[in-house]
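To start, the structure itself, in structure tokens.
Note: hydrogens, waters and symmetry copies are ignored here, and every other heavy atom, side chains too, is used.
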Amino acid sequence: MWLPPVLLLLCLPGCFSIQGPKSVSSPEQGSVTVQCRYDAAWKTHKKWWCQGKIWNFCKILIQSTGSEQEVREDGLSIRDNHRNHSFMVTMEKLSKEDADIYWYGIEKSGSDLGVQVKVTVGSAKAVLTTPTNLSSKPLAMSSTSYVRTHYMLLVFVKVPILLILLGAVLWLKGSQRVQRSSGIDLTVWTCPETT
């Protein structure tokens with residue numbers, strides 16, 4: 001029966017989402033690790049980390065291969081964990097010049113999925129974000145892109161499917177009621193042929 005999978009689709013909030021922190025900070029010469037969680041459907045897709053305030057013009061600094069193998073380049077590393085549906089980006093030996101807006105995301109056909117994160121580099125008193133304290137508390141949805149994606153999914157996919165299903169059920173119930181109450185005889189009568 002195809003109805004339960006369709007109803008399951010209607011109950012899943014935030015398909016195609018990616019989540020993680022909105023901001024992280026580190027002292028100078030320290031490091032910062034950003035853990036990003038994603039929907040299971042994206043586990044074999046390439047993950048990336050880019051720098052720049054504007055999404056369309058940010059420069060990709062490091063990208064995974066789509067596997068769980070760690071990639072390291074110029075004080076950066078990215079590692080995907082397919083089992084936990086998360087990937088981690090680490091920036092090491094940070095200077096004040098590294099403080100900027102970054103994006104973490106997933107490569108896909110069409111427009112990539114991505115979420116903005118602010119990296120702050122300050123004095124030795126700055127808070128150091130590590131994988132331990134990230135995984136110990138639940139991650140909140142970190143971008144309006146999740147809300148926008150869920151809203152679009154709700155308006156253009158879930159609601160029309162629900163209305164179609166409701167219409168089909170009502171139509172089937174109505175046609176069964178009409179056949180029972182009217183006692184229509186569906187016998188086909190043919191006229192004899194004359195030659």
Side-chain angles (χ1 to χ4, degrees), residues 1-23 34-50 54-58 60 63-68 78-89 101-118 134-191:
M1 180 175 217
W2 58 273
L3 190 57
V6 172
L7 292 176
L8 181 62
L9 173 68
L10 295 172
C11 297
L12 292 176
C15 298
F16 319 118
S17 65
I18 180 173
Q19 56 190 3
K22 288 183 179 182
S23 64
V34 178
Q35 183 179 25
C36 316
R37 297 178 194 245
Y38 54 85
D39 188 68
W42 306 112
K43 72 179 180 181
T44 58
H45 290 250
K46 292 180 181 178
K47 315 307 185 294
W48 48 259
W49 177 256
C50 75
I54 302 171
W55 164 268
N56 294 335
F57 302 109
C58 75
I60 293 182
Q63 184 171 13
S64 73
T65 60
S67 70
E68 291 188 321
I78 187 168
R79 183 176 194 111
D80 198 353
N81 185 329
H82 292 170
R83 194 172 35 247
N84 293 337
H85 306 125
S86 67
F87 65 99
M88 292 191 329
V89 177
I101 300 295
Y102 292 82
W103 298 81
Y104 51 90
I106 300 173
E107 184 179 89
K108 68 177 195 71
S109 60
S111 181
D112 288 358
L113 296 173
V115 176
Q116 188 182 78
V117 61
K118 181 179 182 179
L134 271 175
S135 60
S136 66
K137 54 187 172 183
L139 292 174
M141 298 316 286
S142 64
S143 173
T144 56
S145 68
Y146 164 78
V147 175
R148 185 175 49 243
T149 301
H150 181 66
Y151 177 74
M152 297 298 277
L153 186 67
L154 179 68
V155 170
F156 293 110
V157 177
K158 293 180 179 181
V159 170
I161 288 174
L162 184 62
L163 291 174
I164 289 169
L165 288 173
L166 181 64
V169 168
L170 291 174
W171 179 76
L172 286 173
K173 284 192 171 242
S175 65
Q176 288 174 352
R177 196 177 316 129
V178 168
Q179 282 182 347
R180 285 188 202 140
S181 65
S182 64
I184 298 174
D185 185 11
L186 298 177
T187 307
V188 177
W189 296 95
T190 58
C191 295

>> Measuring from atom CH2 of W42 to atom NE2 of H85, what distance do you get when rounded to the nearest 0.5 angstrom?
In response: 13.0 Å

> Any side-chain heavy atom of D112 within less than 4.5 Å of one from W48?
Replying inline: yes

> Which atom pair, heavy atoms only, marks the closest approach of Y38 to K43?
Replying inline: CE1-CA, 3.4 Å

>> So, using side chain to side chain donor-acceptor pair (under 3.5 Å) as the criterion, who are the partners of H82 when residues are at least two apart?
In response: D80

>> With a 3.5 Å distance limit and no angle check, can you tell me whether S64 reaches the backbone of I78 through a side-chain donor-acceptor pair?
In response: no

> Quick one: side chain to side chain contact (heavy atoms under 4.5 Å, CB included) partners of I101, sequence neighbours excluded?
Replying inline: K53, W103, Q116, K118

>> Can you list everything that forms a side chain to side chain donor-acceptor pair (under 3.5 Å) with E68? Sequence neighbours excluded, please.
In response: none

>> Please verify the inter-ring angle class for Y104 with W49; under 30° counts as parallel, over 60° as perpendicular, anything in between as tilted.
In response: parallel

>> Given 3.5 Å as the limit, does a donor-acceptor pair link the side chain of H45 with the main chain of E107, or not?
In response: yes

>> Under the rule for side chain to side chain donor-acceptor pair (under 3.5 Å), what residues qualify as partners of T65, not counting sequence neighbours?
In response: S67

> What distance separates D39 CG from L113 CG, expressed to the nearest 0.5 Å?
Replying inline: 9.5 Å

>> Nearest 0.5 angstrom please: L170 CG to L165 CG, how far?
In response: 11.0 Å

> What residues, two or more places apart in sequence or in another chain, satisfy side chain to side chain contact (heavy atoms under 4.5 Å, CB included) together with S86?
Replying inline: Q35, R37, N81, N84

